[in-house]
Amino acid sequence: MSRPRLSPAPGRGDRPLRQIVLLMLMLLVADLRLFARPLAEEESMPFGQLVNLAALRAVTAAPPAALIATMQRWGIEVMQVRSQPPAAAPNPLLAGLPVAGPALLQRAGFEPGYEGRVVCRDERTPQRLDLILIRDHAATYTLLHEFVHAMLRPDCPEPIEDSVIEARFRLAFHRLTVYQRRLYDDPYRLLDPRWRRDILAAQADVVRDLHDRIRLGQSQEVIAEKLLRGLVDAGSPYFDAARQEEGRRYAEAMIDNAIDLFDTVEASRDFVAGTVAQLRAAIRRGELRPSSGEALGEADAAAVQAAAAALAEQLAPTRAALQALKDFHRR
């Protein structure tokens, strides 16, 4: 005897259909969220960096009333830094921003003379997003300049923090200039193995961080000013002809400063290598006899020449990057 077919229990027969509909709704919501999220459009910049051009276009095209909100949409918070009187009149666009407290300013290294600074989010900073600290009287154009900094990143990030590279380079460069000045005063110091050891070590320490120091400092300033000149024209509410001209001169000064750093190292290398070769030749001819504690044999002179050749090879990428930066600025 066949069993009668039973009607499905209420609420069970349509469950697969409801599950399918629910899944489709979830996928639709996910697609809408993805669509609402800004999409990056990265372009290569000098010194191995990438910049998010889509973010720069969106921010520079935003009306002033929506500027801060647009920056937040691209992952950047903004806080104002109160100036001590007497000071210039505050920028009204910045008036409603939260005020950065002393602890944050100290942690960020915001010096009294700074107009703006980018603070990247990490485990030591409490903010939800990367942060721009901006002086309360700073021009809006300066805020845009800092936003460009925030949108720049290295193509291949260093495993060492930027602040460590900056501090290490500052000490190394100071040591190199002090040693080199002493050698210019008395080149015969290079007969002493200890002087040769110290100056070669100082050169190597500077060259190790020279490329990244220029990337973090001078190159980003040049890139920011150049990009803003192309994005903020006379029809923009942010256009400031005097500020753009000031930025152009500032960028040129940054290029010159970077070249000066490079030339200082190269001049030191050439001086040491050339002087050691001359001293060794004078010893070989019998015109010079090292005193007690001095020694400069053939192997010693060859070691200095090898170190100079190695430095030249290490400096080559930085030389090429400096030329690319100059070409970028002038085009």
Side-chain angles (χ1 to χ4, degrees), residues 32-43 45 49-83 88-101 104-105 107-111 114-122 124-154 157 162 216 219-240 243-244 246-247 250-251:
L32 289 174
R33 286 178 178 172
L34 180 61
F35 180 77
R37 184 181 303 138
L39 299 177
E41 179 189 335
E42 294 185 319
E43 182 171 318
M45 292 285 121
Q49 297 174 100
L50 298 171
V51 68
N52 188 342
L53 286 180
L56 300 187
R57 292 193 186 103
V59 164
T60 53
L67 180 62
I68 302 301
T70 306
M71 289 185 173
Q72 290 174 338
R73 183 167 173 254
W74 287 97
I76 302 297
E77 293 281 6
V78 184
M79 298 181 73
Q80 63 171 307
V81 178
R82 289 278 170 81
S83 301
N91 182 344
L93 189 137
L94 309 176
L97 293 175
V99 178
L104 175 57
L105 296 178
R107 186 167 58 247
F110 196 94
E111 301 290 341
Y114 286 179
E115 291 285 291
R117 188 172 178 84
V118 176
V119 182
C120 295
R121 176 188 57 206
D122 59 26
R124 297 185 304 278
T125 53
Q127 76 266 10
R128 180 174 55 89
L129 304 171
D130 289 345
L131 172 68
I132 292 176
L133 296 173
I134 190 75
R135 187 72 64 180
D136 56 1
H137 63 251
T140 305
Y141 200 93
T142 301
L143 176 59
L144 295 175
H145 175 102
E146 295 302 325
F147 185 79
V148 179
H149 279 287
M151 292 297 106
L152 274 168
R153 65 178 181 85
D162 294 352
L216 294 170
S219 82
Q220 290 197 1
E221 301 297 336
V222 174
I223 290 168
E225 291 298 333
K226 174 65 176 181
L227 290 176
L228 285 180
R229 284 205 308 275
L231 291 166
V232 179
D233 58 21
S236 168
Y238 310 117
F239 181 72
D240 184 335
R243 174 62 179 80
Q244 282 200 348
E246 177 186 329
Y250 176 61

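Index from 1, following the sequence.
Gln80 contributes a side-chain N or O that, together with a main-chain N or O of Leu97, makes up a donor-acceptor pair within less than 3.5 Å.
Among residues at least two apart or in separate chains, salt bridge (Lys or Arg N to Asp or Glu O under 4.0 Å) pairs with a member in residues 52-68 are Glu41-Arg57.
For Pro90, the side chain to side chain contact (heavy atoms under 4.5 Å, CB included) criterion is met by no residue, not counting sequence neighbours. In this structure, the side chain to side chain donor-acceptor pair (under 3.5 Å) partners of Tyr141, at least two apart in sequence or on a different chain, are Gln244. Glu246 pairs by the side chain to side chain contact (heavy atoms under 4.5 Å, CB included) definition with Arg243, Arg249, not counting sequence neighbours. Judged as a side chain to side chain donor-acceptor pair (under 3.5 Å), and not counting sequence neighbours, the contacts of Thr140 are Asn91. For Arg117, there are no salt bridge (charged side-chain N to carboxylate O under 4.0 Å, His left out) partners, not counting sequence neighbours. Partners of Glu115 under the side chain to side chain donor-acceptor pair (under 3.5 Å) rule, at least two apart in sequence or in another chain, are His137. Asp233 meets the side chain to side chain contact (heavy atoms under 4.5 Å, CB included) test with Ser236; sequence neighbours excluded. Residues that satisfy the side chain to side chain donor-acceptor pair (under 3.5 Å) test with Tyr250, not counting sequence neighbours, are Glu221. Residues satisfying the ring pair (Phe, Tyr, Trp, His ring centres under 6.0 Å) criterion with Phe110, sequence neighbours excluded, are Tyr114. For Ala62, the side chain to side chain contact (heavy atoms under 4.5 Å, CB included) partners two or more places apart in sequence, or in a different chain, are Thr70.
Between Ile68 and Leu93, the closest side-chain pair of non-hydrogen atoms falls below 4.5 Å. Using a 4.5 Å heavy-atom cutoff, the side chains of Ile223 and Val51 are not in contact. Here the side chains of Met79 and Val119 are not in contact, with every heavy-atom distance at 4.5 Å or above. Side-chain contact between Leu143 and Leu67 is present, with at least one heavy-atom pair separated by less than 4.5 Å. Contact of the Glu146 side chain with the Val78 side chain is not registered, since no non-hydrogen atoms from C-beta on lie closer than 4.5 Å.
When all heavy atoms of Leu94 and Ala138 are compared, the pair lying nearest together is CD1-O, 3.9 Å. Ala150 approaches Val118 most closely through the heavy-atom pair N-CG2, 4.0 Å. Scanning all heavy atoms of the two residues, the minimum distance from Ala108 to Leu133 falls at CB-CD1, 3.7 Å. The two atoms that bring Thr60 and Tyr238 nearest to each other are O-CE1, 3.6 Å, heavy atoms only. Nearest heavy-atom pair across Ser83 and Arg135 is OG-CD, 2.9 Å.
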Given the rule in the side chain to side chain contact (heavy atoms under 4.5 Å, CB included) test, do Glu77 and Gln72 qualify, once you have shown the distances and angles that lead to the verdict? CA-CA 5 Å; Glu77 293 281 6; Gln72 290 174 338; 3.1 Å; yes
